[in-house]
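The structure under discussion appears below in the form of C-alpha cells.
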Amino acid sequence: MIIGTENLSKYYDHIPAIKGLSIKIEEGATGLLGPNGAGKSTLIRVLLGLLQPSSGDGTVLNFDIKKEGIKIREKIGYMPEHDCLIENMTAVNFVTYMGVIRGLPKDDALQRAHETLYYAGIGEERYRKIKEYSSGMKQRVKLAQALVHDPEILFLDEPTNGMDPFGRDEMLVIIEDISKKGKNVLLSSHILPDVEEVCDKVILINKGELVVEGRISDLLENKNILEIRVKKDPEILLKNMECKYEIFGNTIKIKDYPDNIYSKLLKNAAENNIQIRYISDVRNSLEDLFVNLLGD
C-alpha cells in the first residue's frame, strides 16, 4: 500500500468535501473518479499535506499526512488541475526552477528540464515564454514539472483539461508509458475513458464518500451486455425468456443472460418471423458502472 486513509474527513464551514473516507491504494496506476464537486481535488490536497483534515488519518509512502507533508511532497510529483505556471518564464527555465526547488543541483535540474519537456512533447517551443502557449502545451509543461525530480508517485489532477482530441490522446499515451515504466500514478478525472485507458484500478467517490474501489477488470467482470437490433416486435423475440433486459425502440439490451440464449433467440425469431439485424456482446464500460452506481 502506497496511500491509505482511515475515516478521513474535510469540512468547509460544516459542509463536507470528504466524509469518512477509508481507502487503500497499491502500487500501479489508480484512477480517482467522481463527478465534478465529488471531492477529488480536496482529497489530493489533503494527501499532499496542503490541507489539514478535519478528522481521520492517512499516510502516503508511510508518511503521516498531518505531520509529514513536506516529506510527502519531496517524494511525489503533482500536476494540479488549474494553472500553476509563471507565464513570463520560458518553459525550460520554469521546469529547471521547479527542479531546483525540489532539491536538484541547478545543472542537474536544467538537464532534467530538457529531458522531461521533450518527453512531454515540448520541443524547440521550450525556449518560448509560457504565456505564448496554448492550453494543451501548458498541460504538457505541468506534466514535465511534475516529473523533473523523478518522484515515486505522480498525482495527476485532470491532466487532459483544455486539450484537443489529438493532444488528449498523446497525453494519455505518455501517462500510460510512465506507468508501464514502474512509476506509481494517481489519476484524478471525471473523463471516464481516460481512466479506463490508463489505469488498472479505480476509486469512485461521490459527495466526498467512497462508492466503490477495486480493479477495473474485477468491477466489470461478468457484466457483458448482449445487444440485439430487430426489424420489429422486440418484445416477442424475448418471449418465455428469464433474463433482465431493456428495450430502446427496436434495440434490446440483455443483462446476465444464460449460455443458451442464442439458440432461444433464433428459435423465437424463426417461429415469429422476426428479422434479427444485429446481435453482439457489448463489453460493459467504466461509464456504465459509473451511471449504474450514481444514476439515482
Side-chain angles (χ1 to χ4, degrees), residues 28-38 40-41 44 77-85 87 90-92 94-95 115-148 154-181 183-206 216-217 219-220 225 227 248 251 278 280-295:
T30 300
L32 179 60
L33 274 179
N36 288 328
K40 304 186 299 296
S41 295
I44 288 177
Y78 177 36
M79 181 180 175
E81 177 181 5
H82 302 293
D83 281 350
C84 57
L85 306 171
E87 298 206 335
T90 65
V92 69
F94 173 74
V95 177
E115 292 170 353
T116 55
L117 282 166
Y118 182 79
Y119 181 69
I122 301 289
E124 293 303 312
E125 300 93 344
R126 61 186 180 274
Y127 299 109
R128 289 167 48 194
K129 289 186 177 181
I130 294 172
K131 65 182 179 182
E132 300 173 6
Y133 283 7
S134 66
S135 297
M137 291 174 67
K138 289 178 180 179
Q139 291 295 96
R140 294 172 187 271
V141 176
K142 285 162 60 178
L143 177 62
Q145 65 80 31
L147 286 169
V148 69
L154 273 177
F155 285 71
L156 307 177
D157 196 355
E158 303 288 357
T160 58
N161 260 4
M163 302 191 83
D164 60 39
F166 180 76
R168 173 179 165 269
D169 289 343
E170 282 195 333
M171 176 66 77
L172 294 176
V173 168
I174 294 170
I175 295 171
E176 187 174 17
D177 184 63
I178 291 169
S179 175
K180 286 181 177 178
K181 289 178 176 176
K183 194 74 66 182
N184 298 304
V185 174
L186 180 63
L187 171 60
S188 172
S189 181
H190 68 283
I191 304 176
L192 306 183
D194 286 6
V195 174
E196 192 166 7
E197 183 170 338
V198 171
C199 299
D200 302 315
K201 299 169 285 291
V202 68
I203 294 169
L204 173 59
I205 64 174
N206 188 36
I216 294 176
S217 58
L219 294 173
L220 300 183
I225 297 171
E227 183 173 294
F248 307 90
T251 299
Y278 172 88
S280 178
D281 286 308
V282 179
R283 180 181 174 271
N284 200 19
S285 68
L286 204 55
E287 186 169 358
D288 296 321
L289 178 69
F290 188 93
V291 170
N292 290 337
L293 291 173
L294 301 183

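Worth saying up front: this structure is predicted, and the values here are computed from it rather than measured.
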Check your understanding: With a 4.5 Å limit on heavy-atom distance, are the side chains of Glu227 and Thr251 in contact?
Key -> yes
Practice item. To the nearest 0.5 angstrom, please state how far the CG atom of Leu187 sits from the OG atom of Ser179. Key: 10.0 Å
Point to revise | Nearest atoms (heavy-atom pairs only) where Thr30 meets Cys199 | key: C-SG, 3.6 Å
Exercise for review: Flag the pair Asn206 / Pro35 as yes when at least one side-chain heavy-atom distance between them is below 4.5 Å, and no otherwise.
Suggested key: yes
Practice item. Flag the pair Leu143 / Leu156 as yes when at least one side-chain heavy-atom distance between them is below 4.5 Å, and no otherwise. Key: yes
**Study point:** Nearest atoms (heavy-atom pairs only) where Tyr127 meets Thr90
**Key:** O-CG2, 3.2 Å
Check your understanding: Which residues pass the salt bridge (charged side-chain N to carboxylate O under 4.0 Å, His left out) test with Asp177, sequence neighbours left out?
Key -> Lys181
Check your understanding: Quick check: does any side chain N or O of Lys40 sit under 3.5 Å from a backbone N or O of Leu32, one acting as donor and the other as acceptor?
Key -> no
Check your understanding: Can Glu176 and Leu172 be said to form a side chain to side chain contact (heavy atoms under 4.5 Å, CB included), step by step?
Key -> CA-CA 6 Å; Glu176 187 174 17; Leu172 294 176; over 6 Å; no
**Study point:** CZ/Phe248: more than 12 non-hydrogen atoms of other groups inside 6.0 Å
**Key:** yes
Exercise for review: Give the minimum heavy-atom separation between Ala38 and Ile205, together with the two atoms involved.
Suggested key: CB-O, 3.6 Å
Practice item. Just jot down the salt bridge (charged side-chain N to carboxylate O under 4.0 Å, His left out) partners of Glu197, sequence neighbours excluded, or say none. Key: none
Point to revise | Qualifying residue for side chain to side chain contact (heavy atoms under 4.5 Å, CB included) with Lys142, from Asn161, Asp83, Val95 | key: Asp83
Study note, to complete from the structure: Residue set satisfying side chain to side chain contact (heavy atoms under 4.5 Å, CB included) with Pro193, at least two apart, ordered chain then number -> Arg168, Ile191
**Study point:** Between CG on residue Asp194 and CD on residue Glu158, distance to nearest 0.5 Å
**Key:** 8.5 Å
Point to revise | Under the side chain to side chain contact (heavy atoms under 4.5 Å, CB included) test, residues paired with Glu125 that sit two or more places apart | key: Ile122, Arg128, Tyr133, Met137
**Study point:** Where Ala91 and Val141 come nearest, the two heavy atoms and their spacing
**Key:** CB-CG2, 4.0 Å
Point to revise | Distance in Å, Lys138 NZ paired with Lys131 NZ, rounded so as to fall on 0.5 Å steps | key: 11.0 Å
Point to revise | Residues that Leu192 engages under side chain to side chain contact (heavy atoms under 4.5 Å, CB included), provided they are two or more places apart | key: Leu33, Glu287, Phe290
Exercise for review: Applying side chain to side chain contact (heavy atoms under 4.5 Å, CB included), name anything that partners Ser41, two or more places apart in sequence or on another chain.
Suggested key: Arg45, Glu81, Asp157
**Study point:** Closest heavy-atom pair and its distance - Gln145, Pro80
**Key:** NE2-CD, 4.2 Å
Revision key, fill the gap. Interatomic distance, CZ@Phe166 vs CE@Met171, rounded to 0.5 Å, equals 12.5 Å
Check your understanding: From Glu170 CD over to Asp164 CG, what is the distance, rounded to the nearest 0.5 angstrom?
Key -> 8.5 Å
Check your understanding: How long is the span from the CZ atom in Arg126 to the CZ atom in Arg140, to the nearest 0.5 Å?
Key -> 14.0 Å
